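Some notes on the structure that comes next.
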Amino acid sequence: MNVLILAAGERGNDETGSRYPIWLSEIEGRLIIERQVKALDVGERNKFIFAFMRDQVESYHVDDIVRQITPDASIATMSRQTAGAACTALLAIGHMDPEGELVVASATDYVDVDYEAVLSEFRARGADAGVLTFDSLHPRYSFVSIDNDGWVVEAAEKRPISRSANAGFYWYARAQDFIDSIKMMILKDAHVNGVFYISLSLNELILRGRKIASHHLAASQYHP
């Protein structure tokens, strides 16, 4: 399974005055990014792919850090900020197995959930993709509209079309579906204030008749 962790959008932590990105913060002796990797390391033959800013690799040796956590990690580096997480993810596709499963997650959003059980649930439902949701109406998040059978029928960014906010976790049965949907979204210029978000690519999957499952989280399980 491909596991893409996006860490190229995080700069220093303004709240604490630290020059280090938030995902290099330590909690009980473990980095946030380390906790994220351990949580997502489910199943067998996982291939971890990290997207970092090049200056952070050079300044903080984050490539060495993640290879201490997962020795076979692949690193995609960005020389400058992209036009959003969707564009950053596209720059990492050369490291993916397009026919394998794919998980895309942020380096900073920690979810206290049994990922193995969630992915088994998505597979058992015959889903082509899956997302995690939690209850919120805050416009900082992306949102999905869900039908009575638990399938996603629409996605929106920074617009509360429901109370089902997206926890920033995406699973795809085939990485190629992710790649195709991101490319189509960008070709259609489907951005929000000039930024291309991964969430809006879900609409491209829906238009193709793909089935997107959802798993709802309790408020205590999501730690942005």
Side-chain angles (χ1 to χ4, degrees), residues 1-82 84-97 100-116 118-119 130-132 134 140-142 166-172 175 178 197-199 217 220-224:
M1 180 170 71
N2 305 283
V3 182
L4 173 59
I5 295 183
L6 301 176
E10 285 289 339
R11 310 308 297 176
N13 187 346
D14 292 335
E15 293 182 6
T16 64
S18 172
R19 63 192 177 99
Y20 296 106
I22 294 171
W23 40 265
L24 283 182
S25 301
E26 288 184 304
I27 300 175
E28 297 179 351
R30 286 181 179 262
L31 300 176
I32 288 176
I33 197 168
E34 182 178 5
R35 290 173 174 271
Q36 188 75 306
V37 170
K38 296 301 183 185
L40 291 168
D41 193 13
V42 298
E44 299 178 356
R45 299 188 300 278
N46 291 326
K47 179 180 183 180
F48 279 88
I49 306 161
F50 297 83
F52 291 124
M53 295 300 298
R54 187 170 299 159
D55 63 342
Q56 292 179 337
V57 172
E58 294 170 351
S59 298
Y60 311 135
H61 306 288
V62 292
D63 52 338
D64 292 329
I65 290 171
V66 298
R67 288 190 175 119
Q68 292 295 321
I69 303 168
T70 177
D72 297 326
S74 294
I75 312 293
T77 59
M78 321 292 139
S79 59
R80 54 193 173 88
Q81 288 291 333
T82 69
C87 298
T88 298
L90 271 188
L91 293 175
I93 63 176
H95 300 279
M96 298 179 191
D97 170 12
E101 292 184 31
L102 170 67
V103 164
V104 183
S106 164
T108 54
D109 293 337
Y110 184 75
V111 180
D112 183 14
V113 71
D114 184 343
Y115 283 111
E116 190 166 9
V118 169
L119 298 187
V131 296
L132 300 178
F134 63 100
R140 67 179 288 188
Y141 301 115
S142 62
N166 184 353
F169 171 93
Y170 304 87
W171 169 83
Y172 302 83
F178 167 78
Y197 294 92
I198 292 174
S199 61
L217 303 167
S220 60
Q221 291 180 285
Y222 179 54
H223 308 281

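Nothing here was measured: the structure is a model prediction, and the numbers come from that model.
Contact check for T70 versus D41: no side-chain heavy atoms found under the 4.5 Å cut-off. Residues L90 and F178 are not in side-chain contact: their nearest non-hydrogen atoms beyond the backbone lie 4.5 Å or more apart. The shortest side-chain heavy-atom distance between M1 and V3 falls under the 4.5 Å cut-off. Within the 4.5 Å cutoff, no side-chain heavy atoms of V111 are placed close to those of F134.
The aromatic rings of Y20 and Y60 are tilted relative to each other, their planes meeting at an angle between 30° and 60°.
Atom-to-atom distance recorded for F48:CZ and I75:CD1 is 12.0 Å, nearest 0.5 angstrom. In this structure, CZ on F50 lies 9.5 Å from CG on L4, to the nearest 0.5 angstrom. Distance check, rounded to the nearest 0.5 Å: OG1 of T82 to CG of L6 gives 9.0 Å. In this structure, NE2 on H223 lies 9.5 Å from CG on L217, to the nearest 0.5 angstrom. Interatomic distance, OH of Y110 versus CD1 of I32, reported as 10.5 Å (0.5 Å rounding). In this structure, CD in E101 is found 10.5 Å from CZ in R45, a value given to the nearest 0.5 Å.
Considering all non-hydrogen atoms of both residues, A8 and M53 come closest at O-CG, 3.1 Å. Taking both residues in full, the closest heavy atoms of L40 and N46 are given as O-ND2, 4.1 Å, listed atom of the first, atom of the second, then distance. Considering all non-hydrogen atoms of both residues, S106 and I5 come closest at C-CG2, 4.3 Å. The nearest pair of heavy atoms linking K38 to I69 is NZ-O, 3.9 Å. Shortest non-hydrogen contact noted between K47 and S74 is CE-OG, 3.5 Å. Heavy atoms only, all atoms of each residue included: R30 and E34 are closest at NH1-OE2, 3.1 Å.
Using modelled atom types, one finds no donor on one side chain facing an acceptor on the other under 3.5 Å when comparing W23 with Q36. For N2 and D97, the side-chain atoms include no donor-acceptor pair closer than 3.5 Å.
Formation of a donor-acceptor pair under 3.5 Å by the S25 side chain with backbone atoms of I22 is found in this model. In this structure a side-chain-to-backbone donor-acceptor pair under 3.5 Å is missing from D109 to A105.
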request  = Take T77 and L91 through the test side-chain contact (heavy atoms from CB on, under 4.5 Å) and record every step on the way to the result.
outcome  = CA-CA 8 Å; T77 59; L91 293 175; over 6 Å; no

Applying side-chain contact (heavy atoms from CB on, under 4.5 Å), run through V118 and V113 and close with a yes or a no.
CA-CA 8 Å; V118 169; V113 71; 3.7 Å; yes

- Item | L119 vs V42, side-chain contact (heavy atoms from CB on, under 4.5 Å): CA-CA, chis, key distance, verdict | CA-CA 9 Å; L119 298 187; V42 298; 4.0 Å; yes

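The 12-atom threshold is not exceeded at CD of Q68, counting heavy atoms of other residues, nucleotides or ligands nearer than 6.0 Å.
Put simply, the residue from F169, Y172, Y170 that forms a side-chain contact (heavy atoms from CB on, under 4.5 Å) with V103 is F169.
Taking 4.0 Å as the cut-off between side-chain N and carboxylate O, E28 and R35 count as a salt-bridged pair.
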